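Quantities reported herein were computed from a predicted structural model and do not represent experimental measurements.
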Amino acid sequence: MLDKRKIRLMTRASIYEKRHGEEDLKISGYYKKDYASLNTWITLIWITIGYALLGGVLFLCYGDALMEGITIMRLLLYAAVAIGVYLVLLIIYGIGAGNFYSKKHAQAKQRVKRYVRDISRLQKMNDKKEKNRS
């Protein structure tokens, strides 16, 4: 006879494995702080690369207009504005990425807990069924 609880648990476990399983197991292998820190650093590195590329492209496009009548004071002002915008971007993205990856780790950890609990229940059901056969 079919056991509905067992079928539900197997279905839920299978759906989890297809949707989130592999990624969640990788994420939950890290401590929360380590996972959030690593991915925040990666985000900040990519922000730096993107900002440098954007600055280079803007300089190539508008460099002639910016360099007309340039003085040391104006050059320092441009540099201060560019560095200020960069620092603001780093702070905003750093805080946002830290929060995002902390939440992502917590959600993955919860899903893995639920999955392990379901697998454990299935194992107990199978063990109980094996005992009844003997």
Side-chain angles (χ1 to χ4, degrees):
M1 180 167 234
L2 295 176
D3 186 2
K4 288 182 182 181
R5 285 184 17 216
K6 187 174 178 181
I7 292 172
R8 284 186 189 128
L9 286 173
M10 289 172 61
T11 304
R12 191 176 352 172
S14 176
I15 290 171
Y16 170 78
E17 287 172 0
K18 285 186 179 186
R19 287 188 186 166
H20 306 286
E22 188 174 332
E23 182 183 2
D24 282 355
L25 291 174
K26 286 180 186 176
I27 290 172
S28 65
Y30 290 95
Y31 289 110
K32 186 178 193 175
K33 185 176 179 181
D34 291 344
Y35 179 75
S37 297
L38 174 68
N39 285 294
T40 299
W41 276 109
I42 291 170
T43 300
L44 295 179
I45 290 169
W46 281 110
I47 291 294
T48 301
I49 292 169
Y51 191 77
L53 288 174
L54 178 65
V57 168
L58 289 177
F59 185 75
L60 287 175
C61 292
Y62 302 109
D64 291 339
L66 289 174
M67 290 301 173
E68 275 183 25
I70 191 82
T71 62
I72 296 292
M73 202 58 173
R74 188 177 273 179
L75 184 62
L76 290 175
L77 179 66
Y78 289 156
V81 168
I83 291 171
V85 169
Y86 171 69
L87 290 176
V88 168
L89 270 176
L90 276 184
I91 291 169
I92 290 171
Y93 272 93
I95 292 170
N99 289 335
F100 173 78
Y101 288 114
S102 290
K103 287 180 185 176
K104 186 173 180 178
H105 185 275
Q107 291 169 347
K109 199 78 161 175
Q110 285 299 110
R111 287 191 297 260
V112 168
K113 271 185 183 176
R114 203 173 312 128
Y115 173 72
V116 168
R117 186 186 66 225
D118 288 347
I119 296 298
S120 172
R121 286 180 181 166
L122 279 170
Q123 186 64 38
K124 287 178 183 177
M125 286 178 173
N126 286 337
D127 291 346
K128 188 177 180 182
K129 192 174 185 178
E130 287 298 318
K131 283 184 179 180
N132 289 340
R133 282 187 182 175
S134 299

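Under the rule for a side-chain hydrogen bond (donor to acceptor under 3.5 Å, both in side chains), the partners of Asp127 that lie at least two apart in sequence or sit in another chain are Gln123. Considering only residues two or more places apart in sequence or on other chains, Glu17 meets the side-chain hydrogen bond (donor to acceptor under 3.5 Å, both in side chains) condition with Tyr115. Residues satisfying the side-chain hydrogen bond (donor to acceptor under 3.5 Å, both in side chains) criterion with Asn126, sequence neighbours excluded, are Lys6.
Rounding to the nearest 0.5 Å gives a distance of 5.0 Å between CD1 of Ile42 and CG of Asn39. Atom CH2 in Trp46 sits 11.0 Å away from atom OG1 in Thr43 (nearest 0.5 Å). Within the model, atoms NZ of Lys32 and NZ of Lys103 stand 10.0 Å from one another, a figure rounded to the nearest 0.5 Å. Taken from OG in Ser14 to CG in Asp118, the straight-line distance is 12.0 Å, to the nearest 0.5 Å. Annotation: the span from Ile70 atom CD1 to Leu75 atom CG amounts to 5.0 Å, rounded to 0.5 Å. One finds the CG atom of Leu122 at 13.0 Å from the CZ atom of Arg8 (value rounded to the nearest 0.5 Å).
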I'd like a table of donor-acceptor pairs (distance under 3.5 Å, sequence neighbours excluded) in which one partner is a side-chain atom from residues 21-28, with atom names and distances.
residue : atom : partner : partner atom : Å
Glu23   : OE2  : Lys104  : NZ           : 3.1
Asp24   : OD1  : Arg111  : NH2          : 2.9
Asp24   : OD2  : Tyr16   : OH           : 3.2
Asp24   : OD2  : Arg111  : NE           : 2.6
Asp24   : OD2  : Arg111  : NH2          : 3.4
Ser28   : OG   : Asp24   : O            : 3.0
Ser28   : OG   : Leu25   : O            : 3.4

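Val85 and Ile47 fall within a single hydrophobic cluster, where Ile, Leu, Val, Met, Phe, Trp and Tyr side chains are chained together by heavy-atom contacts under 4.5 Å. Hydrophobic clustering, with ILVMFWY side chains joined whenever heavy atoms are under 4.5 angstrom apart, keeps Met73 apart from Ile83. Cluster annotation: Leu60 is not connected to Leu53 through the hydrophobic network of ILVMFWY side chains, with a link wherever side-chain heavy atoms come within less than 4.5 Å. Following chains of ILVMFWY side-chain contacts shorter than 4.5 Å, one can reach Leu89 starting from Val81, so the two form part of one hydrophobic cluster.
For the pair Ile119 and Ala13, the tightest heavy-atom approach, listed with the atom from each and the gap, is CD1-CB, 4.0 Å.
Considering only heavy atoms from C-beta on, Arg117 comes within 4.5 Å of Arg114 through its side chain. Annotation: side chain of His105 is in contact with side chain of Lys109 (closest heavy-atom distance under 4.5 Å). The side-chain heavy atoms of Tyr51 and Leu90, taken from C-beta on, include no pair separated by under 4.5 Å.
Atom CE of Met10 is surrounded by 12 or fewer heavy atoms from other residues, nucleotides or ligands within 6.0 Å. The neighbour count for Ile72 CD1, taken as heavy atoms of other residues, nucleotides or ligands under 6.0 Å away, does not exceed 12.
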inquiry  = For a side chain to side chain contact (heavy atoms under 4.5 Å, CB included) check, start with the C-alpha distance between Lys4 and Ile7, then their side-chain angles and the critical distance, and finish with the verdict.
reply    = CA-CA 5 Å; Lys4 288 182 182 181; Ile7 292 172; 5.6 Å; no
Audit row: Arg121, Lys124, side chain to side chain contact (heavy atoms under 4.5 Å, CB included) steps and yes/no = CA-CA 5 Å; Arg121 286 180 181 166; Lys124 287 178 183 177; 5.7 Å; no
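Sorted by first and then second residue, the side chain to side chain donor-acceptor pair (under 3.5 Å) pairs involving residues 74-102 (not counting sequence neighbours) are Thr48-Tyr86.
In this structure, Ile95 belongs to a hydrophobic cluster whose other members, linked by side-chain heavy atoms under 4.5 Å apart, are Ile91.
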